[in-house]
Amino acid sequence: MRWSKALIPTLKEVPAEAEIVSHKLMLKAGLIRKVASGLYNFLPLGFKVYHKVEKIIREEMDKAGALEILMPIMTPAELWMETGRWNLYGKELVRVKDRANREYALGPTHEEVVTDLARTEIKSYRDMPKNFYQIRNKFRDEIRPRFGVMRCREFIMKDAYSFDRNEERAEESYKIMFEAYKRIFTRCGLDFRPVEADTGNIGGSFSHEFMVLANNGEEVIVNCPACGYAANREKAEGVSAFCGNDKEESKTPEKVSTPGQHTVEQVTAFLKKTPSELVKTLLYIADGKPVAALVKGDDELNEHKLKNFLKATELIMMTAEQVEAATKAPVGFAGPVNLAGMKIFADNAVMKMKNFVIGANEKDMHYINANFERDFKVNKFLDLRTAGEGDTCVKCGKVLTALRGIEVGHTFKLGLKYSKAMKAEFLDEDGKRKPMVMGCYGIGVTRIVGAAIEQGNDETGIIWPMALAPYQVIITALNYKDDKIKLLADSVYEEFKAAGLEVILDDRDESAGFKFKDAELVGIPLRVTVGNKAVNDGAFEINVRKTKEEFILKREELLSKIKGFVEKETAK
RNA sequence: CGGGGCAUAGCGCAGGUGGCUAGCGCGCCUGGUUCGGGACCAGGAGGUCCCCAGUUCAAAUCUGGGUGCCCCGACCA
């Protein structure tokens, strides 16, 4: 490609809308342009990178035995009703009507559609295992699209779905995908980590997320450097550093006045205690029923854990009015004593506490020296708190750390959730009809482009991993109007092209500095400068974007050295 | 969904106490000079001042309503 013929609209100033570095650089380097909130045009350079990611994914999926198909974006409501997700998915589902007023969802994921396909086409255990995948646009009406291509309303996802005759085979399929994912992200040149994750909206028995490690990541990963345990914060387990004071003598409970003290910090400071000596009572409505959750004052309740335990489809914190109705006291004084009409669940860390502070369900009043059993009953102790940095690892007992990550892939072992709901059955060897055991596996293809930049950049611009770079080499022809330089630059360009290198020739009538800056911004891994030094002395300056190394090559060694470098840098 | 902010040329911004032809930098076009780190000179093009209504002799500017975009929050006991 000749730069003069391309469309690479680099910017000196970034549009004010961009917040994080990858978004800024994608705009600045002319990779994307916004159409509306959460909707982007991919310009030629950005789309080239996208294609590189897509190619790697397709190669690895095919190698893993998955079968590429194409399913419609517009999917009939009836399918979604079969699994109940027409209602469950909520506002995130983009719904459209056709001229006959029939309803459709623009697919946010395709479990219903593939399961429908599988139930008609897979009839026997002999037809399995099967793994269908597609690479397509997905639609999710996000509450808040943000960070450019990271969280979009329309994005491109690779989604795969496996069908097996039993649990064991399904686990094999899962493992095959897990390994394929590791290869995919490795080949993309990303620093990533698979972590245990919550199953969320998709459902199923267990899942892993593939996180690209980055400071701007939306996800928090709880990680044990000692044993390798790693999980999404939504799911992670950890033991609170404070382990309780259950050896203490039980003291007499006492109602104390705490006028105007609402928050944990206020109450404990007022009573000259620490937050870890207080148990906070959080009130929720779970599928219409009130529940109370107790966690230590300095811990955070993990709503995912509570929701999963209750098997609730909806878990909403009570409004101030609901709290008043339930506790007969304003918000800030809720406690577990005499809390009528609801079940009380407490975090494991609370179990060992003694003589703690709780709300008294009375305006401006708290109890001190409260204890379990004597003062109130707990229906069940379980892991309810959000784990974090400084906790003790449940696997090995060492200290946990926290990392930030961008979720680029997610694998789920679905089990029978969809096959049962949609009657996707097959005839097994024993002549019995059985539901297929499913797995599903997603990769955010467009998101990988952003994640790669988030991981590879410096003050001058993007630093692409070789495997994702839109071009492997840029030939910067200084003063292309000069016939000698033009002739020489063209000959190098043609030679590289013929040798199969992905090369762009900067033949624009711009100053040297301008072209160097653009090459660095756009992040081409290798730059060959053709100027007077090349014409007069046969000295071609090579610049390595990533390391800022600089060296001089002779004309005849250019191709082989450059080619060697590209091959070495491309992860296999 | 709650809170906050912004909206003026392709991008970044100024103007705003109502007033005459709406500016600046970058980018863009023409010509010339330059040519190894975002060059210089001269000339030029480009605007429904987000939209609708109101106040007024007069609205980018004041008032009301709407829309779009961005940020924060949705962990409060």
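- Distances were taken from every side-chain heavy atom of A:Glu541 (C-beta onward) to each of B:C70, B:G36, B:G37; the shortest belongs to B:G36.
- Under 4.0 angstrom from either OP1 or OP2 of B:C70 there lies at least one side-chain N or O belonging to A:Ser37.
- In this structure A:Val535 satisfies the side chain to side chain contact (heavy atoms under 4.5 Å, CB included) test together with A:Lys484, A:Ile485, A:Leu488, sequence neighbours excluded.
- Base contact: A:Thr386 has a heavy atom under 4.0 Å from a base atom.
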Annotated structure of RNA chain B as dot-bracket, pair cut-off 3.5 Å, Watson-Crick or G-U only, | for inter-strand, is (((((((..((((.....[...)))).((((((.....)))))).....(((((..]....))))))))))))....
Please produce a list of atom pairs where a protein N or O lies less than 3.5 Å from an N or O of nucleotides 4-9 of chain B.
none

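- When distances run from any side-chain atom of A:Lys481 to the nucleotides B:G37, B:C35, B:G12, the shortest one goes to B:C35.
- Under the side chain to side chain contact (heavy atoms under 4.5 Å, CB included) criterion, A:Pro108 pairs with A:Trp80, A:Tyr89, A:Leu93, A:Arg140, sequence neighbours left out.
- One atom, CZ of A:Arg33, and another, P of B:G10, lie 13 Å apart when rounded to the nearest Å.
- For A:Ala292, the side chain to side chain contact (heavy atoms under 4.5 Å, CB included) partners are A:Thr281, A:Leu283, A:Leu339, A:Met342, A:Ile344, not counting sequence neighbours.
- Atom C1' of nucleotide B:G10 and atom CG of A:Leu7 are separated by 13 Å, given to the nearest angstrom.
- The gap from the P atom of B:U55 to that of B:U8 amounts to 27 Å, rounded to the nearest Å.
- For A:Asp509, the listed nucleotide lying nearest its side chain is B:U34; candidates were B:A39, B:A74, B:U34.
- The side chain of A:Arg146 has B:C71 as its nearest neighbour among B:C1, B:C71, B:A77.
- Residues A:Leu521 and A:Ala18 both approach RNA chain B. Their nearest nucleotides, taken by heavy-atom distance, put A:Leu521 toward the 5′ side.
- Comparing B:C71, B:G37, B:G38 by their nearest atom to the side chain of A:Ala512 picks out B:G37.
- Judged by distance alone, the side chains of A:Asp490 and A:Tyr480 do bring a donor and an acceptor atom under 3.5 Å apart.
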Any chance you could list the contact pattern along nucleotides 22-32 of chain B? Use B for base contacts, S for sugar-phosphate-only contacts and - for none, protein heavy atoms under 4.0 Å, 5' to 3'. ---BSS-----
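- A donor N or O paired with an acceptor N or O is found under 3.5 Å between the base of B:G38 and the side-chain atoms of A:Asp518.
- Of the two residues contacting RNA chain B, namely A:Gly335 and A:Lys91, the nearest-nucleotide position lying further toward the 5' end is that of A:Lys91.
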